[in-house]
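Written below as structure tokens is the structure these notes are about.
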Amino acid sequence: MAIFFLVSFLASVVGAICGIGGGVVIKPVLDMLGLETVAAISFLSGCTVLSMSCYSVTRALAKGDSGVDLRTGTPLAVGAAFGGLAGKQLFELVKSLSANQGMVGAVQAGCLGVITLGTLAYTVNKSRIPTHKITAPAVCVAIGLALGIMSSFLGIGGGPINLVVLYFFFSMDTKTAASNSLYIILFSQLASLITTLATHTVPDFRWPVLAVMVCGGVGGGIVGRMLNKKMDNRLVERLFIGLMGLIVVICIYNVWRGISA
């Protein structure tokens, strides 16, 4: 149990600081450790991210310092909610096509690794890449839809791809993007959870593990939010880059292990 708490807590601390939700760390690390099935880890990771993002967003909105641009963030979140529904169905489809759960995990790890590597490359070079300032609600919904599908399918909440999209399409700085990313994650993960419950596709999992991870997620969200206020954009970005590099390495290992299983 200590491992589940530690992973969820530390991942959520970093997730709250960088706006990546924590699932992008929880999912590959628990896959690597092999302590639960692929489906159970996706579910537990999603619930943990939901709890952390729920705390972080509601607390920030209540205090009036969320940094969320509701005119842009709300259409993105609505799109992400529908994307969360679609992503969950996509995961169930992929799972049904293979009796080898290790292969399902390898597919998830491979997709996550490619996305993370692309995110890392963009982040390192973003000062040389022109950005945009999209305001059209329909376009925001479409972008949110794509984000929701990816996050729900991969079981990571939102992950690094949210930040890149917010940098590129909306010209947000690192900390503003982090706040808006958590707002989007909240909607996509809530939609994914509702779909899982409504379609009776909740995987077998241990309730004590869920309780421990949710506690770790909320605790990490509290600590991460406090640290985020004390850190400047440059430090947040350095932490983000280092984390992306680590995730790419873990994903490569998980792909290898899943294929060779």
- Message: Any non-hydrogen side-chain atom of Q89 less than 4.5 Å from a side-chain atom of T199?
- Response: yes
- Same cluster (ILVMFWY, side-chain, under 4.5 Å), L210 and V49: yes
- Spell out, yes or no, whether L117 and V107 are grouped together once hydrophobic residues are joined by side-chain heavy atoms under 4.5 Å, including indirect joins. no
- Report yes or no: do L120 and V249 belong to one cluster of Ile/Leu/Val/Met/Phe/Trp/Tyr joined by side chain heavy-atom distances under 4.5 Å? no
- Item | Pair T196-K88, side chain to side chain contact (heavy atoms under 4.5 Å, CB included): steps then yes or no | CA-CA 7 Å; T196 300; K88 176 61 182 174; 3.0 Å; yes
- Steps toward side chain to side chain contact (heavy atoms under 4.5 Å, CB included) verdict (T72, N180): CA-CA 9 Å; T72 300; N180 283 269; 5.6 Å; no
- Task: Examine I252 and I250 and state if one hydrophobic cluster contains both, with Ile, Leu, Val, Met, Phe, Trp and Tyr joined whenever side-chain heavy atoms are less than 4.5 Å apart.
- Result: no
- Query: Tell me, do I143 and F170 make a side-chain contact under 4.5 Å, heavy atoms counted?
  - Reply: yes
- Item | Donor-acceptor contact below 3.5 Å, side chain S53 vs main chain L50 | yes
- Task: Measure the spacing between CG of L90 and CE of M150 and express it to the nearest 0.5 Å.
- Result: 11.5 Å
- Task: Determine the minimum heavy-atom distance between A106 and V255, stating which atoms define it.
- Result: O-CG2, 3.6 Å
- Task: Please report the C-alpha distance between I26 and M213 in whole Å, then the side-chain angles of each, then the deciding distance to 0.1 Å, and finally whether the side chain to side chain contact (heavy atoms under 4.5 Å, CB included) criterion is met.
- Result: CA-CA 10 Å; I26 295 172; M213 290 184 65; 3.7 Å; yes
- Query: Should the pair F5 and F9 be assigned to parallel (<30°), tilted (30 to 60°) or perpendicular (>60°) ring geometry?
  - Reply: parallel
- Note on the structure: Interatomic distance, CG@L35 vs CG@L44, rounded to 0.5 Å, equals 11.0 Å
- S96 side chain vs L93 backbone, donor-acceptor pair below 3.5 Å: yes
- Message: Before we go on, tell me: are the rings of F168 and H132 under 6.0 Å apart, centre to centre?
- Response: yes
- Query: Can you check whether A177's main-chain N or O pairs, donor with acceptor, with S181's side chain at less than 3.5 Å?
  - Reply: no
- Message: With side chain to side chain contact (heavy atoms under 4.5 Å, CB included) as the test, pick out the partner of F43 among T37, V202, T48, D204.
- Response: V202
- Distance in Å, S12 OG paired with I17 CD1, rounded so as to fall on 0.5 Å steps: 11.0 Å
- Message: Are V94 and F153 packed together at the side-chain level, in the sense that at least one heavy-atom pair is separated by less than 4.5 angstrom?
- Response: yes
- Task: Spell out, as yes or no, whether a donor-acceptor pair under 3.5 Å connects the side chain of T176 to the backbone of M172.
- Result: no
- Query: For D232, does the CG atom have more than 12 heavy-atom neighbours from other residues, nucleotides or ligands under 6.0 Å away?
  - Reply: yes
- Using a 4.5 Å cut-off on heavy atoms from C-beta on, say whether the side chain of I185 contacts that of N162. yes
- Item | ILVMFWY network linking I194 to I184, side-chain heavy atoms under 4.5 angstrom | yes
- Spell out, as yes or no, whether a donor-acceptor pair under 3.5 Å connects the side chain of N125 to the backbone of A121. yes
- Query: Does N254 use its side chain to pair, donor to acceptor, with the backbone of P28 at less than 3.5 Å?
  - Reply: yes
- Item | Closest heavy-atom pair and its distance - A39, P203 | O-CG, 3.5 Å
- Item | Distance-minimising heavy-atom pair for V25 and A11 | CB-CB, 3.7 Å
- Task: State the CE-CD1 distance between M244 and I115, to the nearest 0.5 angstrom.
- Result: 11.5 Å
- Message: Working to the nearest 0.5 angstrom, can you tell me the gap between Y55 OH and R59 CZ?
- Response: 5.0 Å
- Item | Interatomic distance, M231 atom CE to R238 atom CZ [nearest 0.5 angstrom] | 10.5 Å
- Message: Please check this pair: side chain of E36 against backbone of F205, looking for a donor-acceptor N/O pair closer than 3.5 Å.
- Response: no
- Ignoring hydrogens and angles, state whether a donor on the side chain of T123 or Y167 is under 3.5 Å from an acceptor on the partner side chain. no
- Query: Above 12 or not: heavy atoms from other molecules or residues under 6.0 Å from CD1 of I3?
  - Reply: no
- Test item: S45 side-chain N/O and S42 main-chain N/O as donor-acceptor pair under 3.5 Å: no
- Can T119 and L163 be said to form a side chain to side chain contact (heavy atoms under 4.5 Å, CB included), step by step? CA-CA 8 Å; T119 299; L163 296 186; 5.9 Å; no
- Taking every heavy atom of C251 against every heavy atom of A109, the minimum-distance pair comes out as CB-O, 3.5 Å
